Colleague: 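I have a structure I would like to understand better, so I am pasting it below and will then ask my questions one at a time.
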Amino acid sequence: MRRIMSSVGLLLLCGIFLGVAPAAAAGDTVTIDATVDGTPVGEDELVLDPSGSSRISVTVHNGTDTVRHVKTIRLTGTALALTFFSYDTTVPFDVPAKQSVTKGFVLDLGQLGTQATGLMPTELEVLDTNRDVIASIGTTGHVRGSLWSVYGIFGIAVFALTVLAWAGALFALARRRLPANRWQRAMRFLPAGVGTGLVAVISLSVLRIMAPSPAAEIPFILGAAAVAFVLGYLTPHPDADDLGSLPSDPDSTQRITRPLPGGAA
């Protein structure tokens, strides 16, 4: 009888851990759904047009056992770990436990055209009264901004610095001013390679081909840096030609004497 009761207790305990506990953990979260001008956030590219305002609707699902106090809804766009636009809208409301609440508001995007352009990772966040993030949802923002926005000028600046880096390295190579050590020569080319990778990532973003993300940034930057590093490592020794032009036989050198005053040798 005791063995039967022990077995039943063990089965019940396994059932709690395998069935009930995961279900409770899965529901003990706060999630959000959102639409911008009727387009669900997270499914397709989110078009952000600076020429007008956007109607944003956010639904907060509270799966916890406590009331969540929402104060701010934030829309941000980031690239290369830098934030290029951020809009905070104060929309205070409470979400009771195990319930969902939907709030809508109009967001003026008039300044967005001077901040970003192209495809950019975009995130919609819900913040509490302490400005801590309660929940968030990410998507790819399609920003119809200007090339002369902050993001566009940032890309132009990176391109100019990359050109200068390549010009400096190649000019030093042509003038035989590179270090004699191969590793030092490779490090001289490395910044130009990193800049080339950054230019590729930003260009694809601005041209609306691919949004920058860690999965895209790392291969481009590391690949371009590796190519430049190898090119620098394989560059010829700066003194190789000079060494080859020196006479190989020390006895073939001639000593030239200057005659002394008065004709004496």
Side-chain angles (χ1 to χ4, degrees), residues 42 44-46 76-86 114-123 138-250 252-253:
D44 298 318
E45 292 181 0
L46 179 62
T76 59
T78 59
L80 300 170
L82 299 174
T83 300
F84 287 94
F85 67 86
S86 179
T114 61
Q115 296 172 332
T117 185
L119 299 181
M120 183 173 294
T122 304
E123 194 168 19
T139 186
T140 299
H142 185 153
V143 184
R144 296 176 177 175
S146 170
L147 178 62
W148 302 109
S149 61
V150 175
Y151 186 52
I153 294 176
F154 173 74
I156 294 174
V158 173
F159 175 76
L161 292 175
T162 302
V163 171
L164 291 176
W166 276 113
L170 295 176
F171 182 77
L173 175 63
R175 296 293 300 273
R176 299 192 181 100
R177 298 291 180 85
L178 290 175
N181 185 276
R182 286 188 178 274
W183 294 103
Q184 293 179 357
R185 297 203 299 272
M187 292 300 297
R188 182 68 181 272
F189 278 75
L190 184 61
V194 173
T196 302
L198 291 173
V199 169
V201 172
I202 297 173
S203 299
L204 292 175
S205 172
V206 172
L207 295 175
R208 297 174 175 84
I209 298 175
M210 183 176 61
S213 64
E217 296 166 7
I218 294 176
F220 274 106
I221 297 175
L222 292 184
V227 171
F229 187 88
V230 172
L231 289 177
Y233 185 85
L234 297 178
T235 53
H237 193 285
D239 298 329
D241 295 338
D242 296 337
L243 292 175
S245 62
L246 293 176
S248 58
D249 186 4
S252 63
T253 60

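We number each residue from 1, following the sequence as shown. Because the structure is a prediction, the values reported are computed rather than measured.
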Colleague: Kindly write out the residues that satisfy side-chain hydrogen bond (donor to acceptor under 3.5 Å, both in side chains) with E123, not counting sequence neighbours, or none if the list is empty.
Modeller: S136
Colleague: Donor-acceptor check, side chain of R188 to backbone of L178, threshold 3.5 angstrom: yes or no?
Modeller: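 No; judged by distance alone, with no hydrogens or angles, the pair does not exist.
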Colleague: If a pair satisfies side-chain hydrogen bond (donor to acceptor under 3.5 Å, both in side chains) and one of its residues is in residues 144-157, list it, with sequence neighbours excluded.
Modeller: Y151-S205
Colleague: A228 and G193: which non-hydrogen atoms are nearest, and at how many Å?
Modeller: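 Scanning both residues, the minimum pair turns out to be CB-CA, 3.5 Å.
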Colleague: Would you please name every residue forming a side chain to side chain contact (heavy atoms under 4.5 Å, CB included) with L80, sequence neighbours left out?
Modeller: F154, L198, V201, I202, E217
Colleague: Calculate, to the nearest 0.5 Å, the distance between atoms CE and CG belonging to M120 and L46 respectively.
Modeller: 13.0 Å
Colleague: Closest heavy-atom contact between D44 and T139?
Modeller: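 For D44 versus T139, the nearest heavy atoms are O-OG1, 3.2 Å.
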Colleague: Taking ring pair (Phe, Tyr, Trp, His ring centres under 6.0 Å) as the definition, give me every residue that meets it alongside Y233, ordered by chain and number, with sequence neighbours left out.
Modeller: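 Y233 satisfies ring pair (Phe, Tyr, Trp, His ring centres under 6.0 Å) with W183 once adjacent residues are dropped.
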Colleague: Rounded at 0.5 Å granularity, tell me how far CZ in R185 sits from CZ in R177.
Modeller: 15.5 Å
Colleague: For V143 and F84: C-alpha separation, side-chain torsions, deciding distance, then whether side-chain contact (heavy atoms from CB on, under 4.5 Å) applies.
Modeller: CA-CA 11 Å; V143 184; F84 287 94; over 6 Å; no
Colleague: Any idea which heavy atoms bring P236 and L173 closest together, and the distance?
Modeller: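 The pair with the smallest heavy-atom distance is CD-CD1, 4.2 Å.
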Colleague: Can you sort out the partners of T196 under side-chain hydrogen bond (donor to acceptor under 3.5 Å, both in side chains), two or more places apart, ordered by chain and number?
Modeller: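 For T196, the residues satisfying side-chain hydrogen bond (donor to acceptor under 3.5 Å, both in side chains) (neighbours in sequence not counted) are W166.
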Colleague: How long is the straight-line distance from CG of L234 back to CZ of F229, given to the nearest 0.5 Å?
Modeller: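 These two atoms lie 10.0 Å from each other.
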Colleague: Who passes side chain to side chain contact (heavy atoms under 4.5 Å, CB included) against S213, sequence neighbours left out?
Modeller: A215, A216
Colleague: Does E45 have any side-chain hydrogen bond (donor to acceptor under 3.5 Å, both in side chains) partners at least two apart in sequence or in another chain, and if so, which?
Modeller: H142
Colleague: Who pairs with P219 by side chain to side chain contact (heavy atoms under 4.5 Å, CB included), at least two apart in sequence or on another chain?
Modeller: none
Colleague: Quick one: list whatever passes side-chain hydrogen bond (donor to acceptor under 3.5 Å, both in side chains) with T78, sequence neighbours left out.
Modeller: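 If we apply the side-chain hydrogen bond (donor to acceptor under 3.5 Å, both in side chains) test to T78, skipping adjacent residues, there are no hits.
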Colleague: Could you tell me which non-hydrogen atom of T83 sits nearest to which non-hydrogen atom of S86, and how far apart they are?
Modeller: CG2-CB, 4.3 Å
Colleague: Between V194 and A225, what is the shortest heavy-atom contact and its length?
Modeller: CG2-CB, 3.8 Å
Colleague: Show, in sequence, the C-alpha distance, side-chain angles and deciding distance for F85 and T122, and conclude whether the side-chain contact (heavy atoms from CB on, under 4.5 Å) test is met.
Modeller: CA-CA 9 Å; F85 67 86; T122 304; 4.1 Å; yes
Colleague: Would you please name every residue forming a side chain to side chain contact (heavy atoms under 4.5 Å, CB included) with A211, sequence neighbours left out?
Modeller: L119, P121, T140
